[in-house]
Amino acid sequence: KLQAESPEDAQRYIADNQENIAKGAAAEKIKAALNKLSEAENKVRVSAMSGEQKKFALDNFKKVKTNLAHQYATFFQ
């Protein structure tokens with residue numbers, strides 16, 4: 001809407017808020033990745049895998065989630 005009403009104001013807004021816009025995009029990507037990991041975890045939990053296989057897979061998911069959370073925290077500092 002701002003672009004249609006005042007292209008110069010829209011460009012200024014984007015320039016002034018570029019960092020926040022980039023952070024928002026990054027947050028959405030991280031959120032999507034975490035959602036996919038949660039879906040995969042749920043599939044493992046209800047699968048016919050052995051308890052040992054499930055534990056191994058879930059532990060790996062936890063490591064990946066921890067890594068993503070660390071990247072997220074580092075990016076937003």
Side-chain angles (χ1 to χ4, degrees):
K1 183 176 178 179
L2 184 60
Q3 178 67 26
E5 293 175 4
S6 177
E8 290 176 1
D9 287 345
Q11 288 177 348
R12 192 174 313 111
Y13 176 84
I14 290 171
D16 291 347
N17 294 285
Q18 193 169 15
E19 185 177 339
N20 288 333
I21 292 167
K23 286 180 179 180
E28 286 299 318
K29 288 181 183 179
I30 292 170
K31 181 180 175 183
L34 289 171
N35 286 341
K36 286 183 181 180
L37 285 168
S38 293
E39 288 174 16
E41 283 178 322
N42 290 334
K43 288 180 182 179
V44 166
R45 285 189 181 97
V46 299
S47 73
M49 297 168 73
S50 71
E52 186 177 316
Q53 290 171 320
K54 286 182 182 182
K55 182 179 180 345
F56 180 78
L58 293 172
D59 286 348
N60 283 331
F61 287 133
K62 185 176 181 178
K63 288 176 188 176
V64 172
K65 281 184 164 183
T66 300
N67 186 29
L68 277 174
H70 177 70
Q71 289 177 16
Y72 181 83
T74 301
F75 182 75
F76 287 96
Q77 286 183 345

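Below, all heavy atoms of this structure are taken into account, side chains as well, without hydrogens, waters or symmetry copies.
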- Message: Give me the atom names and distance for the closest heavy-atom approach of A57 to M49.
- Response: CB-CE, 4.2 Å
- Just how far is it from atom CD of E39 to atom CZ of F61, taken to the nearest 0.5 Å? 11.0 Å
- Residues forming a side-chain hydrogen bond (donor to acceptor under 3.5 Å, both in side chains) with N20, sequence neighbours excluded: none
- Item | Name of the residue among N60, L58, D59 meeting side chain to side chain contact (heavy atoms under 4.5 Å, CB included) with F56 | N60
- Task: Would you mind reporting whether V44 and Q53 have side-chain heavy atoms less than 4.5 Å apart?
- Result: no
- Any pair with a residue in residues 22-31 that passes side chain to side chain donor-acceptor pair (under 3.5 Å), sequence neighbours left out, goes on the list, sorted by first then second residue, please. E19-K23
Side-chain donor-acceptor contacts of residues 63-71 below 3.5 Å, not counting sequence neighbours, with atom names and distances?
| unit_1 | atom_1 | unit_2 | atom_2 | d |
| --- | --- | --- | --- | --- |
| K65 | NZ | S38 | OG | 3.2 |
| K65 | NZ | E41 | OE1 | 2.8 |
| T66 | OG1 | K62 | O | 2.9 |

